[in-house]
2 protein chains.
Amino acid sequence: MNDGGKGAEPAARSKRADARRNEETLLDAAASVFVASGVEAPVRDIAAKAGVGVGTIYRHFPTRADLIIAVYRHQVEACAEAGPALLESSETPYAALTQWIDLFVDFLVTKHGLAAVLQSDNSGFDTLHSYFIDRLQPVGTQLLEAAAAAGEIRPGLEAYELMRGVGNLCIGADHDPRYDARRLVALLIAGLRQPR
Amino acid sequence: MNDGGKGAEPAARSKRADARRNEETLLDAAASVFVASGVEAPVRDIAAKAGVGVGTIYRHFPTRADLIIAVYRHQVEACAEAGPALLESSETPYAALTQWIDLFVDFLVTKHGLAAVLQSDNSGFDTLHSYFIDRLQPVGTQLLEAAAAAGEIRPGLEAYELMRGVGNLCIGADHDPRYDARRLVALLIAGLRQPR
DNA sequence: AAAGATACGGAACGTCGTTCCGCTTGGCAA
DNA sequence: TTGCCAAGCGGAACGACGTTCCGTATCTTT
């Protein structure tokens with residue numbers, strides 16, 4: 001119950017100094033490549049940008065998905081923590097829910113291809129999917145239940161389903177000006193309202 | 001303005017008999033492999049199932065996407081034609097719209113991975129995307145405009161956006177019992193209703 | 001300074017979609 | 001019927017991908 005360190009935090013103590021440095025470099029390089037070419041950018045591109053060999057990437061991140069998780073961990077964390085905060089600061093649970101979803105959508109839409117890879121059934125990316133679900137679903141459940149308890153939305157929708165739906169709607173939202181994920185997500189949430 | 005034949009219909013006249021036979025075999029094999037392993041099944045699997053070499057596939061279908069189009073062309077056609085029919089047979093345009101969307105969703109959800117590949121930004125699949133849009137968007141527009149004219153839905157949503165949204169919601173709807181695309185699509189359409 | 005552990009680079013592997021090319025075969029003219 | 005040749009075929013080969021492997025280089029400890 002001490003360090004844990006089951007994954008992608010920058011660096012647990014007791015690694016070689018150069019290794020720690022490389023991990024940092026790698027995260028920066030990955031982040032910048034993701035911005036430039038999307039999350040689906042080839043591993044070799046990231047290695048090149050960081051000036052290391054591909055083997056080095058895999059030493060630090062067992063799979064591409066783990067690298068992606070590591071890059072976005074802080075933002076996912078922030079999104080998760082924003083949930084309860086919104087619930088306190090908002091007029092009604094429904095307002096908190098919509099704002100939280102907006103946050104989530106903003107996050108997804110600004111990361112090229114992240115939403116797509118999130119739902120990809122390609123083996124390997126299920127750990128990415130799981131990470132997002134594990135971290136965000138409880139928050140979604142809390143908001144949904146609060147809004148349902150307040151009678152603002154029709155009950156019976158699982159947070160899992162909502163989050164996947166929202167995630168799906170964000171796919172391809174970049175590189176297509178004719179498609180505005182935000183508008184559709186807004187419709188979806190509007191459909192949740194209690195017809196009262 | 002005579003035959004046209006720009007593509008994937010079973011066989012234009014004046015091809016060798018064995019070629020025509022192979023094309024048929026290929027379509028059957030592809031259809032059955034798609035059912036068994038999804039649309040993303042490797043080309044080699046389809047070739048094997050059909051008992052031909054991969055070269056033969058590419059002689060008949062310039063790209064994987066064209067093969068997929070050819071396999072599903074009839075069903076897409078049927079869906080497109082169902083639009084105006086529903087508009088006539090239904091009580092209201094909104095009812096026609098929801099039923100048509102149901103048809104579309106049923107189609108997508110029962111074809112493993114088709115929805116995913118439809119939105120994939122992998123090069124080559126844009127022709128698949130285009131085909132669906134070209135064929136179905138006008139129908140969607142007609143239904144949307146009818147419903148809007150009847151004052152049943154809030155106006156201002158483009159058919160393109162709706163269809164992409166619905167398509168996106170169908171991604172991964174198979175192989176995940178916790179995710180029911182139909183429910184979410186229903187919410188989306190419910191959100192379209194005029195708040196009146 | 002030497003040894004051992006740790007990390008590195010990048011060649012190599014298996015899979016994918018797609019292309020290429022030497023061989024086979026169906027259809028036609030003689 | 002025979003022979004010719006365009007049309008068609010099979011599958012090796014290519015380039016890109018994610019991932020693995022291992023000989024070498026570097027850090028750290030004594």
Side-chain angles (χ1 to χ4, degrees), chain A residues 5 10-27 29-30 33-34 37-71 113 116-117 120-128, chain B residues 5 10-27 29-30 33-34 37-71 113 116-117 120-128:
Chain A
R13 199 111 347 166
S14 84
K15 292 172 74 172
R16 256 168 54 173
D18 57 343
R20 230 177 358 251
R21 237 180 304 121
N22 264 330
E23 194 161 313
E24 185 90 6
T25 308
L26 231 22
L27 282 173
V33 169
F34 288 168
S37 322
V39 245
E40 312 206 338
V43 177
R44 283 162 175 80
D45 288 4
I46 300 166
K49 178 86 177 186
V52 305
V54 286
T56 303
I57 292 192
Y58 283 93
R59 177 163 325 278
H60 290 285
F61 308 98
T63 190
R64 251 176 64 83
D66 296 289
L67 176 56
I68 298 176
I69 292 176
V71 166
V117 114
S120 163
D121 51 356
N122 288 345
S123 83
F125 287 115
D126 32 347
T127 99
L128 183 57
Chain B
R13 199 106 352 155
S14 84
K15 292 172 74 170
R16 257 169 54 173
D18 56 342
R20 223 168 15 244
R21 234 181 306 120
N22 265 328
E23 193 162 313
E24 185 89 9
T25 308
L26 232 22
L27 282 173
V33 169
F34 288 169
S37 322
V39 245
E40 311 205 341
V43 177
R44 285 162 175 78
D45 288 4
I46 300 167
K49 178 86 178 186
V52 305
V54 287
T56 303
I57 292 192
Y58 283 93
R59 177 164 324 280
H60 291 285
F61 307 99
T63 190
R64 252 177 63 83
D66 296 289
L67 176 55
I68 298 175
I69 292 177
V71 167
V117 114
S120 161
D121 52 355
N122 288 345
S123 84
F125 288 116
D126 33 347
T127 100
L128 183 56

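All values below were derived from every heavy atom in this structure, side-chain atoms included, with hydrogens, water molecules and symmetry-related copies excluded.
A residue-by-residue look at T56(A) and V54(B) shows that T56(A) has its nearest nucleotide of DNA chain C further toward the 5' end. Residue-to-nucleotide proximity on DNA chain C shows that, of A41(B) and R44(A), the 5′-proximal contact is made by R44(A). Position along DNA chain D of the nearest nucleotide to D45(A) versus G55(B) favours G55(B) as the more 5'-ward residue.
Contact detail for A47(B) and I57(B): the closest heavy-atom pair is N-CD1, 3.7 Å. Nearest approach of V39(B) to G113(B), heavy atoms of both residues: CG2-C, 3.2 Å. Across all non-hydrogen atoms, the minimal contact from A50(A) to T25(A) is O-CG2, 3.8 Å. P62(B) and D66(B) make their closest contact through CG-OD2, 3.5 Å (heavy atoms, listed as atom of the first residue, atom of the second, distance). The minimum heavy-atom distance linking A29(A) with I46(A) is given by the pair CB-O, 4.0 Å.
Nucleotides of DNA chain C with any atom under 4.0 Å from a heavy atom of chain B span, from 5' to 3', dC16(C) to dG27(C).
A distance of 12.5 Å separates CD of E40(B) from CG of D45(B), quoted to the nearest 0.5 Å.
At distances below 3.5 Å, not a single donor-acceptor pair connects side-chain atoms of R44(B) with backbone N or O atoms of V54(B). Between the side chain of D126(A) and the main chain of G124(A), a donor-acceptor pair closer than 3.5 Å is present. Panel note: side chain R64(A), backbone F125(A); no donor-acceptor pair is recorded below 3.5 Å.
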| request: Could you encode protein contacts along nucleotides 25-30 of chain D as a string, one character per nucleotide from 5' to 3', using B for base contact, S for sugar-phosphate-only contact and - for no contact, with a heavy-atom cut-off of under 4.0 Å? | output: -BSS--
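An angle of 10°, rounded to 10°, separates the two end axes of the helix from dA2(C)-dT29(D) to dA30(C)-dT1(D), each defined over five pairs.
Close to dT19(D), at under 4.0 Å from its OP1 or OP2, lies a side-chain N or O of T63(A). OP1 or OP2 of dC9(D) lies within a sub-4.0 Å distance of a side-chain N or O belonging to H60(B).
Rounded to an integer number of Å, the gap from CG of N122(B) to P of dG15(D) is 20 Å. Y58(A) places its OH atom 17 Å from the C1' atom of dC22(D), with the value rounded to the nearest Å. Atom CG in D66(A) sits roughly 14 Å away from atom P in dG18(D) (whole-Å rounding). Per the geometry, CG belonging to N22(B) stands 11 Å off C1' belonging to dG10(D), to the nearest Å.
Two residues are said to be in side-chain contact when any heavy atoms from C-beta on lie closer than 4.5 Å; F61(B) and I69(B) fail this criterion.
Using a 4.0 Å heavy-atom cutoff across all strands shown, R64(B) reaches sugar-phosphate atoms only and no base atom. Looking at heavy-atom distances under 4.0 Å, A50(B) makes no contact with the nucleic acid at all.
Each of R21(A), R59(A), K49(A), H60(A) was scored for a side-chain contact (heavy atoms from CB on, under 4.5 Å) with L26(A), with one residue passing: H60(A).
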